[in-house]
A.B. asks: 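Structure in structure tokens, see below.
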Amino acid sequence: MKLRVITSVVLSTLMAGAANATPGWHDERQWMPPGLEKAWHEHRGHKDWYKYQGKPSVEVGVRPYWLVEDMDDGPLKERLKRCDVRNFQVTDFSIGHRGAPLQFPEHTRESYLAAARMGAGILECDVAFTKDRELVCRHAQNDLHTTTNIVTIPELNAKCTQPFVPADPATGTPAKAECRTSDITLAEFKTLEGKMDAYDPMATTPEEYVGGTADWRTDLYASRGTLMTHRESIELFKSLGAKFTPELKTPVVDMPFEGEYSQRDYARQMIQDYIDAGINPKDVWPQSFNLDDVLFWVNEMPRFGEQAVFLDQSPIMPETESLAHMESLKSRGVNILAPALWKMLALNSYGEIEPSEYARNARMAGLDLIAWTVERSGPLANGGGWYYQTVSDAINNDGDVMNVIDVLAREVGVIGVFSDWPATTTYYANCMMNPKGRR
């Protein structure tokens, strides 16, 4: 009897050790989306366990079901089709990339509300600064001409770095415009309206220039787009019960701005907004493509630096995907790495998607990973374009996005996925968290 008990304990210990050695890899029963682990472990096995979450159910709409139907036949498709979740729940695995810009103007109140309703547990405000050094939500300091109606307002268009110049159809010369947040004050910024990120390069009028929305997106929900300051985004996300991932955008102006507003001032100001709002640092994932910004937060504002995210856009080369490089980042205090999703994926000899050497080394070095961005590439029939460049031979239908998310979640072991339509990642997370794939 004692031998039987001892053997059972040893086997259980070995199994647990194997699971912990490669968290999130291969064993779908071990995968649990961030933000929902506690509820599942407390109430697992109960057929109505979702009701214990205490949060209102979210709306994923029809798109995730459409994507599943479009998948090639296989075990993952069957599992996702069996999914019969009655009340989908918010999950930190689902990150709203600029809100829900597949169909809503990015970084607007309307886009953020849509993302939250789709179950995004974390929402993103990309942070830029105005002429009077107030922080606002814009993807780039110099995108107002493509994401707002600024060129149609003569007095503000005149303040742009490059005011609108119409195209010349006779010579084929395209239209020109460049409008920066730093060209205008906060008060002027707040008079603008957000729109889908697009422009018509051959426009001869400002009204034509603000068109050009891609045919796989829509202007159906672009009739209003309420722009937001960074502080307003904090209050909105807080009221929605969402967490925060602000990105400090790389300035296009020389820093220090106007000789006195330094990059460190900018980086410090962004974090100070969360301190002033009383936000728990554990609910904030500050991001930057600039490693110096991340290290500044790590060293000077360590409570927020602990979850600072280094957005890695370096090309894949032996030195940038090596274990030594990853260990160097970790030793300097970087805990979370966020590359474009293609950097974490590769094809094996059977043409199947698997974790890349980059991803394996990052995980081996103890780095957490976040992926960007799904639902941003339009139709995937022709390989998916830039975001899928390392696995394009395995991408031939829109449903393949579910295969990509599955590998990122269960094999790469990412802690979250940015999406332009968070319902897709929310659906996947809720369905896959239940070992039976149903309520």
A.B. asks: Do His230 and Phe129 have ring centres separated by under 6.0 Å?
C.D. replies: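 Distance test on ring centres: not under 6.0 Å, no.
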A.B. asks: Among pairs that include at least one residue of residues 297-311, which meet side-chain hydrogen bond (donor to acceptor under 3.5 Å, both in side chains), considering only residues two or more places apart or in two chains?
C.D. replies: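 Every pair satisfying side-chain hydrogen bond (donor to acceptor under 3.5 Å, both in side chains) with a residue in residues 297-311: there are none.
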A.B. asks: Under 6.0 Å between ring centres, would you say that holds for Phe289 and Phe310?
C.D. replies: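 No, the ring centres sit 6.0 Å or more apart.
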A.B. asks: For a quick check under 3.5 Å, do Glu110 and Thr226 share a side-chain donor-acceptor pair by atom type?
C.D. replies: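 Yes, side-chain donor-acceptor contact under 3.5 Å.
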A.B. asks: Would you sort out whether Asp72 and Asn397 count as a side chain to side chain donor-acceptor pair (under 3.5 Å), showing the intermediate values?
C.D. replies: CA-CA 8 Å; Asp72 295 331; Asn397 61 60; 3.1 Å; yes
A.B. asks: Going by atom types only, do Ser262 and Asp265 share a side-chain donor-acceptor pair under 3.5 Å?
C.D. replies: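 Yes, a side-chain donor-acceptor pair sits under 3.5 Å.
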A.B. asks: Scan side-chain atoms only and decide if His107 and Arg98 contain a donor-acceptor pair under the 3.5 Å cut-off.
C.D. replies: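 Checked: His107/Arg98 side chains show no N/O donor-acceptor pair below 3.5 Å.
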A.B. asks: If you measure from CD1 on Ile279 to CZ on Phe244, what distance do you get to the nearest 0.5 Å?
C.D. replies: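 Atom-to-atom, Ile279:CD1 and Phe244:CZ are 4.0 Å apart.
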A.B. asks: Does either side chain, that of Tyr358 or that of His325, offer a donor lying less than 3.5 Å from an acceptor on the other one?
C.D. replies: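 His325 and Tyr358 do not have a side-chain donor-acceptor pair below 3.5 Å.
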A.B. asks: For a side chain to side chain donor-acceptor pair (under 3.5 Å) check, start with the C-alpha distance between Asn280 and Asp283, then their side-chain angles and the critical distance, and finish with the verdict.
C.D. replies: CA-CA 6 Å; Asn280 188 332; Asp283 292 336; 5.0 Å; no
A.B. asks: With distance as the sole criterion, is a donor-acceptor pair present between the side chains of Glu321 and Ser356 under 3.5 Å?
C.D. replies: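 The answer is no; no qualifying pair exists.
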A.B. asks: Among side-chain atoms of Asp132 and Thr130, is any donor-acceptor pair under 3.5 angstrom?
C.D. replies: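 A donor-acceptor contact under 3.5 Å links the two side chains.
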A.B. asks: Decide whether Asn149 and Lys195 meet the rule of one side-chain donor and one side-chain acceptor closer than 3.5 Å.
C.D. replies: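 Side chains of Asn149 and Lys195: no pair found under 3.5 Å.
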A.B. asks: Does the side chain of Leu135 come within less than 4.5 Å of Asp273's, by heavy atoms?
C.D. replies: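 In short, these two side chains touch, coming nearer than 4.5 Å.
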A.B. asks: Looking at residues at least two apart in the chain, or sitting in another chain, which of them share a side chain to side chain contact (heavy atoms under 4.5 Å, CB included) with Thr213?
C.D. replies: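 Scan of Thr213 (side chain to side chain contact (heavy atoms under 4.5 Å, CB included), adjacent residues dropped) gives Met196, Ala198, Arg217, Asp219.
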